Structure formats: structure tokens, C-alpha cells
Amino acid sequence: MSDPRSSQDQSNRPRTIDLVNAGLARRYRAERRFRLYGLSAISASLLVLALLLGSIVASGYSAFQQTFIRLDIVLDADQLRTNNLRQANYQGLVKQSLSTLFPAAVGRSEKRELYALVSSGAGFQIRDLVFASPELIGKSVPVWVPADDDVDMLVKGHLKVDEKAESHRLTTAQLGWIEQLRDQGRLSKQFNSAFFTNGDSREPETAGIRGAFTGSLFTVVVTLLLSFPVGVAAAVYLEEFAPRNRWTDLIEVNINNLAAVPSIVYGLLGLAVFLNFFGLPRSAPLVGGLVLALMTLPTLIIAGRAALQSVPPSIREAALGVGASKMQTVLHHVLPLALPGILTGAIIGMARALGESAPLLMIGMVAFIVDVPGGFNDPATVLPVQIYLWADSPERAFVERTSAAILVLLAFLIMMNGAAVLLRKKFERRW
Amino acid sequence: MFRKTVLFTAIALAAAGFGTAQAQSSRDYISIVGSSTVYPFATVVAEQFGKGSAFKTPKIESTGSGGGFKLFCAGVGVQHPDITNASRAIKASEIDTCKANGVAEIVEVKIGYDGIVLANSRKAKPMTISRKDIFLALAKQVPDPKGGEQVVANPYRTWQDVNAALPAVKIEVLGPPPTSGTRDAFLELAMEDGAKHFPWIKKMEKEDAKQFKSIAHTIREDGAFIEAGENDNLIVQKLEANVNAFGIFGFSFLDQNSDKIQGSLVDGIEPTFEAIAKGSYPLSRPLFFYVKKAHADVIPGIKQYLNEFTSEKAWGGDGYLAEKGMIPMPDAERKQYRAAATALKAMAAK
Amino acid sequence: MISTLSFVHSGAVKRGLQASGAIPSRFTVGDAAVQPTVGEPFSDQARMSCRQVNVYYGAKQSIIDVSLDIGRNEVVAMIGPSGCGKSTFIRCLNRMNDTIPGCRVDGTITLDGVDIYGKEIDVVPLRAQVGMVFQKPNPFPKSIYQNVAYGPKIHGLAQSRAELDEIVETSLRRAGLWDEVKDRLDQPGTSLSGGQQQRLCIARTIAVSPEVILMDEPCSALDPIATSVIEDLIGELKSQYSIAIVTHSMQQAARVSQRTAYLHLGKLLEVGQTERIFTRPRHPLTEAYITGRFG
Ligand SMILES: Nc1ncnc2c1ncn2[C@@H]1O[C@H](COP(=O)(O)OP(=O)(O)O)[C@@H](O)[C@H]1O
Ligand SMILES: [Mg+2]
């Protein structure tokens with residue numbers, strides 16, 4: 001019935017299914033290859049991440065413990081009454097108790113070596129104890145005081161010990177005392193709560209991140225309060241209201257540019273504008289927050305605009321169609337729908353601000369600050385700066401504290417980014 | 001939600017603005033800037049002072065000596081620092097800037113010494129080296145080994161090339177970048193002195209200071225000298241990993257890591273605490289801080305801070321600063337500077 | 001009739017024709033393309049009247065000299081091949097095209113004799129008077145109640161919560177949705193089925209008591225059962241509103257409308273009683289379209 005010629009044509013031409021089958025193996029191979037590339041890319045980055053995290057955890061976890069020495073401190077009433085209570089020689093009490101423990105150490109340099117076993121911050125601990133419970137005066141109380149950082153490093157195995165005594169920081173005599181303390185059960189590793197409750201210190205055993213943490217908090221609060229409303233307003237205006245013309249194009253190009261400007265430039269700007277022109281105080285979280293707000297604004301505006309763009313136009317049409325004004329459309333419908341995206345952008349911006357140290361250098365927030373800041377104008381530093389300062393300190397024990405501070409910062413960043421994901425999940429709407 | 005945020009911001013800004021006005025009219029803590037070399041010592045004093053007294057702990061920024069003087073000399077008033085630390089004496093030009101900005105009376109306090117060490121891993125042999133050898137090994141241009149009064153690009157590959165007594169090991173030195181005070185001091189104390197071992201270069205210092213500087217102060221860039229960044233801890237770590245490498249850093253890092261690294265003997269002297277204190281170790285420099293006298297009565301605690309810093313328990317031979325690696329001054333010098341500091345005696349015009 | 005419409009002959013038509021390119025020659029009968037609208041574009045009971053409406057997207061003209069009335073209590077169906085400008089035209093009627101950058105409308109369009117493109121006209125009250133239902137159901141991602149109550153709320157149509165409840169209920173009843181959703185008014189509008197969503201959108205539109213309702217292919221995303229529910233609904237709504245409906249389904253046009261307008265490449269070729277258009281089309285291109293020879 002059919003045309004004989006065309007049927008012949010058909011028989012000469014390979015059938016489609018044969019062609020498909022012939023090429024199938026090659027197609028699958030290509031697909032497998034492609035998947036393999038992707039997989040190896042991911043595993044490579046995971047490996048690097050694991051290495052990084054692994055090395056930080058490995059060198060940092062030990063900082064969450066601290067070696068303590070139990071001393072029987074005699075809170076001698078006479079000694080404490082001589083001066084006013086605040087100025088009393090509490091470190092002297094610590095030294096006394098060490099001397100009673102090792103009466104053999106008599107020489108001047110020997111005594112010095114003995115006293116060096118205990119942190120120079122121990123005296124402050126005794127002082128706080130006396131202030132907290134004055135009824136203890138006149139009694140002998142067992143107190144766990146932090147060991148000196150060298151002892152701590154030895155106990156944790158970070159200090160090499162060999163026969164040649166002067167090749168490490170502990171003398172043979174000191175090593176002997178440490179051995180005795182250990183035998184008497186007066187030496188133990190305990191949770192290093194000082195790391196979380198103290199401000200910075202030059203003694204690793206009393207150094208903590210609370211000051212830097214509080215400073216970070218104040219700074220990020222200022223950053224958020226400033227950059228979020230300004231960023232959202234700018235994004236909404238540019239996306240929903242501004243006409244498309246040369247000016248808005250120019251503004252857009254500039255915003256995109258600013259997002260890529262190195263952060264140190266914002267520090268210079270902050271120095272010139274906020275410190276030198278407006279005369280705001282140096283090292284203040286207020287200024288840090290201002291600088292970081294400027295830095296995160298472009299990112300926030302870009303994220304905000306992307307979020308607004310992703311709201312389907314049908315929602316705008318629906319609102320306009322029932323007679324909502326432009327502003328009502330934006331405020332009642334578009335913005336709430338874009339909010340998860342905007343918030344995600346904001347949190348990521350804040351996370352970046354939280355991890356930033358370079359611009360703060362210019363405005364004096366890279367500083368040694370012991371007191372925990374109590375307000376937006378108190379001198380303060382931030383976590384990444386604390387990490388930088390500790391990394392630069394000669395004492396060995398700061399090495400592990402640096403890593404521990406990095407771990408705390410990482411934990412915070414993970415929490416913030418996790419919050420971003422949760423927010424997105426929670427408020428995500430399908431249309 | 002949106003409206004609330006706006007409201008919050010307005011309130012926060014108003015509050016912050018109000019707070020600022022207050023903070024600017026007074027300051028209840030000491031503000032210190034300056035040298036990164038003095039920073040580890042000044043911070044210890046500040047902490048002891050803050051915890052042991054009713055005053056707040058001073059705030060210390062590590063800005064470098066030059067940066068410190070710039071901030072210090074910018075004027076009188078709470079927004080300007082009270083004290084600047086320096087790893088060198090103030091320059092005449094800096095005194096002039098200070099004067100021009102109304103900072104007329106400055107109290108100079110010398111606090112001790114810092115040594116610069118050339119160190120390597122304990123796994124290798126310690127080296128004994130002269131300043132002349134250091135110059136020949138690290139300068140970009142060195143006197144022609146064939147003789148004559150001209151310089152050639154540094155031809156030396158191994159330490160043995162420089163001096164037959166030194167090991168036959170490739171020259172590999174990790175050191176601080178040009179922004180660092182340690183580098184300045186190293187150029188001045190080691191390189192310049194080494195260059196002066198050649199009489200014709202020494203003569204040049206007077207005749208053509210520029211040419212002299214370009215020879216004595218320029219470090220080679222062919223890979224034998226590696227800029228390792230400001231972080232001295234990093235250099236220590238790299239030395240541990242590479243037994244052939246040497247590093248240049250402050251004495252306190254050697255002191256704190258003496259189980260891993262050892263200092264080279266320079267001109268036959270080992271960089272020990274005692275040798276630097278005695279002044280026999282050649283690569284050492286004095287450390288200072290400068291106080292703005294006009295602030296002493298305005299900012300609470302300045303006098304007490306000076307008292308703490310110049311006390312024997314801080315800067316004395318057995319003081320806590322020595323523990324941190326600062327080399328104390330001889331007794332007489334300490335006495336002299338303590339007297340000047342407690343009396344707030346302004347330095348005479350230079 | 002044709003002679004009364006002689007003003008349609010204008011330079012713009014010819015320019016537009018040249019711009020839009022030639023009509024496929026086998027459907028061109030004589031100079032049919034440049035002939036004025038065939039049939040009865042005007043109504044004596046007009047709520048909205050359009051005269052010589054031209055719409056441009058930038059330099060491109062998408063509506064060419066269209067003149068048409070939409071009468072009281074009548075359903076006017078707009079049909080025509082895809083891309084001929086049905087949506088563009090209907091969006092002129094509530095100035096929805098204002099939101100498209102580069103879109104320009106000229107000619108006059110009046111609602112009850114008032115020029116809606118006049119200088120003093122505010123689009124907010126206009127859109128309250130001329131409601132719109134879109135091709136794809138687009139309920140707000142809020143509760144069913146909020147969807148319907150939104151319009152009355154922003155326009156202040158209800159003095160109390162009870163009044164608002166009543167508006168919501170009557171609107172949902174009129175849209176034939178009340179019985180299906182009365183127990184779950186607080187559930188999101190987006191959780192409804194496609195047909196229910198479209199009826200929700202209709203309820204949302206009628207909640208603000210407009211004069212005219214525009215519907216742009218309201219059933220194109222719906223199954224036949226949902227479609228017939230909506231079609232019945234349109235038949236009921238006609239008693240109160242004037243309705244302009246765009247549809248690509250000629251059966252639908254035949255079922256719901258009193259008059260039908262045939263648009264072709266931006267031009268209104270023929271308008272007339274629906275029955276007549278489908279049984280005795282006068283324009284050859286209309287005939288070609290309704291007999292399914294192209295579209
Ligand atoms: N936003 C727009 N910008 C530019 N051209 C458009 C736009 N919307 C529609 N058009 C063009 O206008 C013409 C009519 O489109 P439209 O009114 O959507 O047709 P219909 O609804 O009849 O399918 C088409 O050629 C289309 O490409
Ligand atoms: Mg359409």
C-alpha cells in the first residue's frame with residue numbers, strides 16, 4: 001500500500017532506536033564522568049574543610065581545659081588587715097602557701113622559680129574569694145588556682161622536655177615540684193571557665209574571650225540596626241519605585257562596585273569621617289558598627305533587591321488589581337514575601353561583619369582591652385581581632401587559645417548561618 | 001515589623017548620639033598607642049595596674065612606633081592618646097610636629113632593652129656569625145669578592161660562600177617585612193654595622209649618605225631572604241619545619257620558645273638575658289614610652305600607671321617584665337628614669 | 001454602519017500595518033486588513049467606551065486604533081490568535097499597563113463618561129471600580145479570609161469586623177466558593193485547588209464591588225469541570241456587572257458572552273452579537289479563525 005520507494009528508504013536508513021542505542025553507552029559514560037567531576041570537586045573541598053577544621057580543633061580543644069593547682073591558702077588576718085582589703089598582697093599569700101608546701105626552696109632564685117609555677121593572676125582570685133566571703137579571713141582554705149602557662153603547657157604535653165635543662169622554659173627543680181604536686185593530687189586539669197568569663201589578659205591562663213565577644217555583640221547590633229533598615233529601604237526604593245534611567249543605572253553600578261571594595265577602605269573612611277570629622281571616640285563599638293554597616297550595606301541592598309525580584313509579578317498584579325496603591329502593594333505583599341530572602345542576606349552580611357578585622361584596625365579596635373565593655377562607647381575589641389592579637393603573642397599557651405577562639409567564632413558563624421537557613425525554611429512560601 | 005525596626009533604629013541612634021556626647025567630654029581610662037615591640041610589655045603592666053588598682057585598665061593599641069607618634073602628636077584632648085610606646089627614641093621632626101599641635105611637654109621614659117636574634121631550629125647546630133657575615137649574606141649588593149671598591153649583586157648562595165668557617169648550607173632567612181620595627185632595628189644594628197667593616201663603605205656614610213643607605217639598608221630579594229609577615233610565631237613554626245632556615249625576631253620569642261629554637265652567637269656572644277642586659281650582645285635596642293604631660297592631671301590613673309611601670313616589681317631585674325622577655329636596664333639608669341617619670345619631668349628640647 | 005466608522009481610516013492604521021508585517025496572503029481577501037471594524041462595536045448602554053486606542057511597547061505598536069464599548073450587564077468576549085493584543089487591550093481598561101515600563105496608551109477610554117486616562121484620575125479608585133481576574137490564579141499567600149478581606153480593608157469598605165465578615169461571606173457565596181471553604185477560612189488561599197483558587201480571585205475582585213470586571217483567560221489553567229463552574233458564575237455575575245473576558249476558547253466565548261470581538265494583529269476586525277459572529281461572520285479573517293483554519 002505504501003510507496004515502495006519510501007519503504008526502501010526506511011529500510012536503508014538505520015532505525016532511530018538503533019541510533020539511540022548505539023550512542024547510549026557514550027552518553028551514560030559522559031554522564032558518569034560529569035557526576036564524578038562534581039563528586040571529586042565536593043570531596044576535595046570537604047577534605048580541605050575537614051583538614052582546616054581538624055587542625056583547628058586539634059590545636060584548640062585543649063584550651064577548654066586548664067591546669068589547676070590546689071593550694072592551702074592561709075588567709076592570715078594580720079596580713080589582710082594591714083592595708084585596706086583591696087590593696088592587700090594576695091599574691092603573697094599564694095607564695096606563702098607554696099613555700100610551706102616546698103620548704104626546701106630557700107634561695108632567692110629558687111623561690112622565684114617556685115612562685116613561677118602558679119599564675120600571677122592567682123592573687124586576684126584570692127582577692128575575689130575574700131571579698132565574696134569575708135568570714136573566711138583567718139582560716140586556711142584549699143583553693144584551686146590556675147597554674148602558670150608554662151606548667152599548663154607541660155601538663156598538656158605541648159612542651160618538649162629533654163635532659164638539657166636550659167633548653168625549655170622549666171628548670172629541673174620546677175619539673176621536680178610539678179612531679180610532687182601531681183603525686184599529691186594537687187594538680188588537675190579542669191574546665192577552663194576563665195576562657196569564657198574573662199576579658200583579655202597577657203597571662204594565657206587568665207585570658208578569656210568575654211570582652212571580645214561582648215565587643216562583637218555591641219558592634220554587630222549597631223551594624224544590624226543601621227544597615228538593615230537603610231538597606232531594605234534602599235533596595236525597596238530601587239527595585240519598586242525608582243525609574244529605570246541613567247541615574248539608577250549609575251547607582252546600581254556603584255552599589256555593585258562598593259560590594260567589592262576591600263574592607264580596609266571602609267576602615268580608612270571611618271577614620272576620616274567618624275573619628276577625625278565627627279570626633280567619635282576611638283576603639284568604640286559604635287564606630288566599629290558604623291564602619292561595618294557601611295561595609296555590609298551594598299551586600300544587603302543587592303541581596304534585598306534579589307529577594308524582591310524573586311517575588312512573582314503576579315502577586316503585585318493581584319494587589320494592584322484590587323486597587324492597592326504602590327506602597328500598599330510593597331508593604332503588604334511584596335516585602336513580607338521577600339523578607340526571608342532579605343533576612344538571609346542580612347544574616348550573611350552580619351556574619352561577614354562578625355568575622356571582619358581589617359577595617360577595625362584603622363579605628364583603633366585592634367587594641368589590648370582587659371575590661372569587658374559595658375556600652376557602645378566603651379573601648380572594645382572584637383573576636384577576630386582577639387584572634388589576631390593572640391596569634392601574635394609570644395607565649396606558647398596563646399597558640400591553643402587562638403585556635404579555641406577561632407572555634408568559638410566558627411560556632412557563632414555556623415549558628416548565624418544556620419539561623420539563616422531555618423528562617424528561609426520557615427518563611428519560604430510556594431506560589 | 002518594618003515599622004518597629006525603623007523605630008528601634010531611631011531610638012538606638014539617639015541613644016548612641018547621646019552617649020557619644022558624654023564620652024567625648026571625658027575619658028576615664030588611659031589610652032596608649034605605639035610600638036608592637038613594646039606592646040607585649042606595656043600590656044602586662046596595664047593589666048597588673050588595672051586589676052590591682054581602682055582605675056580602669058588602660059587601652060593599648062599596637063600601631064608601630066611611627067604610627068604611635070603620629071597619633072600621639074596630633075594634639076591635646078581626650079580624643080588623643082596619653083602615652084605612646086616606641087622601640088626607638090623620638091625624632092626631632094616628631095617633637096616638632098608635637099609642638100606644632102600643642103603637645104609641648106613630653107615625658108620620656110626608657111624602660112629597658114630588646115634583643116634581636118638570628119635563630120634556627122634546635123635540631124640543627126647553633127651558628128656563630130659576625131655582623132659582617134650577616135651583611136654579606138643578606139645585603140642585596142655586596143663588595144665585589146674579587147676586590148676593588150665597587151658593589152655587585154650578592155653572589156653568595158651558602159653560608160660557607162660568605163665565610164669558610166660557616167656551614168655549607170643554603171642561605172635561607174625568614175624575617176619581618178619592612179613595616180616592622182624589628183626590621184628597622186635589624187638593618188641598623190646588624191646590616192649597617194656589618195657594612196661598616198668595609199672602610200670604603202664606612203667612608204661613604206659621610207660623603208654620600210644616600211648611596212650608603214642603599215647598600216647597607218637594602219636586603220636581597222632573590223629568595224635567600226623571605227619576608228614572613230608580622231607574625232613571629234609563624235616564623236618559629238617554619239623554623240621547626242625547616243632545619244636549614246634561620247629566622248629574625250625579637251628576643252622574647254626566643255625566650256618563650258627556647259625548647260624549639262636557639263639563637264645564633266653574634267660576634268661570639270650568645271643572645272641571653274644577661275648578655276643583652278650587660279650590653280655585650282650587639283643586636284639590642286632600647287625601648288621607650290612617652291607621656292603627654294598635659295594629660296597627667298586630666299586622665300585618671302596616669303601617674304599611678306607610671307608608678308607601676310617604673311616599680312621594681314615590674315621592670316626590675318626580677319620583675320614581671322623580665323619574665324616576659326624584656327631586658328631590664330642597669331640599676332642606676334632605672335633609678336634615674338623612675339625619678340624623671342614620677343616627677344613628670346618633661347624632656348629637654350633636642 | 002461602516003460609513004459611520006469612517007474615522008477609523010487613518011494614517012496610524014497604515015503605519016501600524018506596515019510595522020506589524022503582512023497577514024498571510026491566503027487569508028487576505030482584497031484589502032480586508034485595512035478595512036475598519038466590521039459589525040457593531042458600540043452600545044447604547046455603554047459603561048466603558050474606548051475610542052481609537054493605540055498601545056505601544058516602546059517603539060512597537062501592539063494595539064491599533066481599537067474602538068469598542070462595554071455595555072451594562074453584558075459580557076463581551078475578546079477572541080483572536082495568540083499575541084494579537086487581547087491582554088494588552090483589556091489591561092488598558094484598568095490602567096494595568098501603567099506598571100509596564102515603556103508602555104504607552106493613547107486614544108480615549110471612559111468609564112461612565114469619565115476619561116480614565118485623564119490627568120486628575122487616580123488609578124487606585126479606578127482599579128477599585130474596574131476589577132481584574134488574571135489568567136493564572138494568583139491568590140495572596142495569606143488566608144482565604146485575608147484574600148477576600150484585603151480589598152475592602154484597604155478601601156475602608158467595612159466599618160466593623162462583622163461588616164467585613166459579611167462582605168467576605170457574600171463575596172465567597174457569589175463566587176460559589178462559600179460552601180467549600182467556610183470551615184477553613186484561616187487556611188492559606190494557596191492550599192486550594194486551581195479552580196477554587198480562581199474563584200477565590202473572583203471573590204476577591206467582587207469584594208470591592210467594582211463596576212466592571214476584566215477577566216484575562218480566567219479558565220486557561222483549569223480543568224473542564226472547574227471551567228464550567230466559573231462559566232456559570234460569569235453568567236450570574238452578569239446581572240450586576242459589566243464583564244470583559246479574554247478567552248482562547250471559542251466555545252467558551254459562545255457560552256458566556258453576549259457580544260464577541262475579534263482581534264487580529266492588534267486590530268479589532270469584527271464585533272457583533274456572539275451568535276451572529278459564530279454563525280455568520282462577515283470578515284473573512286474572522287471566519288477563517290472561528291472555523292479553525294488558523295489561530
Ligand atoms: N510587556 C511587554 N513588552 C513588550 N511587548 C509586549 C509586552 N506584552 C505583550 N507584548 C507584545 O504585545 C503583543 C500582544 O501581546 P498580548 O496582549 O499579550 O497578546 P494576547 O494576550 O492576545 O496573546 C505581542 O506581540 C507581545 O509580544
Ligand atoms: Mg494574553
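Proteins come first, then strands; the chains are lettered A, B, ... in the order of their sequence lines, and each starts at number 1. In this text the structure is predicted, and so the values were computed from the model without any measurement.
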Asks: I need the contact set between residues 43-57 of chain B and chain A: heavy-atom distance under 4.5 Å, sorted by residue number.
Replies: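 The list, in residue order, reads B/Thr43, B/Val44, B/Ala46, B/Glu47, B/Gln48, B/Lys51, B/Gly52, B/Ser53, B/Lys56, B/Thr57.
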
Asks: For B/Asp255, which atoms come within 4.5 Å of any heavy atom of chain A: side chain, backbone, both, or neither?
Replies: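 For B/Asp255, heavy atoms of backbone and side chain both lie under 4.5 Å from chain A.
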
Asks: For the residue pair A/Arg396 and B/Gln256, what are the closest heavy atoms and their distance?
Replies: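 So the minimum-distance heavy-atom pair works out to NH2-O, 3.9 Å.
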
Asks: Report, as yes or no, whether the 6.0 Å neighbourhood of atom CZ on A/Phe277 holds more than 12 heavy atoms from other residues, nucleotides or ligands.
Replies: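 Open.
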
Asks: Let me know if B/Pro58 has heavy atoms under 4.5 Å from chain A in its side chain, its backbone, both or neither.
Replies: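 Just its backbone gets close to chain A.
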
Asks: Of the listed residues (A/Glu203, A/Arg127, A/Arg112), which shares the most heavy-atom pairs with chain B below a 4.5 Å separation?
Replies: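 Most pairs with chain B among the choices: A/Arg112.
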
Asks: Donor-acceptor pair, A/Arg202 side chain versus B/Pro40 backbone, under 3.5 Å?
Replies: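 Flag set: sc A/Arg202 to bb B/Pro40 pair under 3.5 Å.
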
Asks: Could you tell me whether A/Lys156 atom NZ has more than 12 heavy atoms of other residues or ligands within 6.0 Å of it?
Replies: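 More than 12 within 6.0 Å, yes.
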
Asks: Might you point out which heavy atoms bring B/Glu61 and A/Gly364 nearest each other, and give the distance in Å?
Replies: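 In terms of heavy atoms, the two residues are closest at OE1-CA, 3.0 Å.
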
Asks: Would you check if A/Ser120 and B/Tyr320 make a side-chain contact, meaning some heavy-atom pair closer than 4.5 Å?
Replies: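 When only atoms from C-beta onward are counted, B/Tyr320 and A/Ser120 do not touch, as no gap falls below 4.5 Å.
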
Asks: Below 4.5 Å from any heavy atom of chain B, which atoms of A/Ser393 appear? Answer side chain, backbone, both or neither.
Replies: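 For A/Ser393, the contact with chain B is made by the backbone alone.
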
Asks: I'd like to verify something: which residue of A/Asp371, A/Ile369, A/Asp378 has the highest number of heavy-atom pairs under 4.5 Å with chain B?
Replies: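 Of the options given, most contacts go to A/Asp371.
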
Asks: What I'd like to find out is whether the side chain of B/Ile32 reaches to under 4.5 Å of the side chain of A/Phe368, using heavy atoms alone.
Replies: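 Not in contact.
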
Asks: Would you compute the distance between atom CG of A/Asn377 and atom CZ of B/Arg27 and round it to the nearest 0.5 angstrom?
Replies: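 One finds 13.0 Å between CG of A/Asn377 and CZ of B/Arg27.
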
Asks: Around atom NZ of B/Lys125, are there more than 12 heavy atoms of other residues, nucleotides or ligands at under 6.0 Å?
Replies: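 Result for NZ/B/Lys125: open.
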
Asks: Heavy atoms only: give me the nearest A/Pro394-B/Ser252 pair and the separation to one decimal.
Replies: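 Taking A/Pro394 first and B/Ser252 second, the nearest heavy atoms are CB-O, 4.2 Å.
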
Asks: If I measure from the heavy atoms of chain B, does A/Leu389 come under 4.5 Å with its side chain, its backbone, both, or neither?
Replies: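 Contact with chain B involves the side chain of A/Leu389 alone.
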
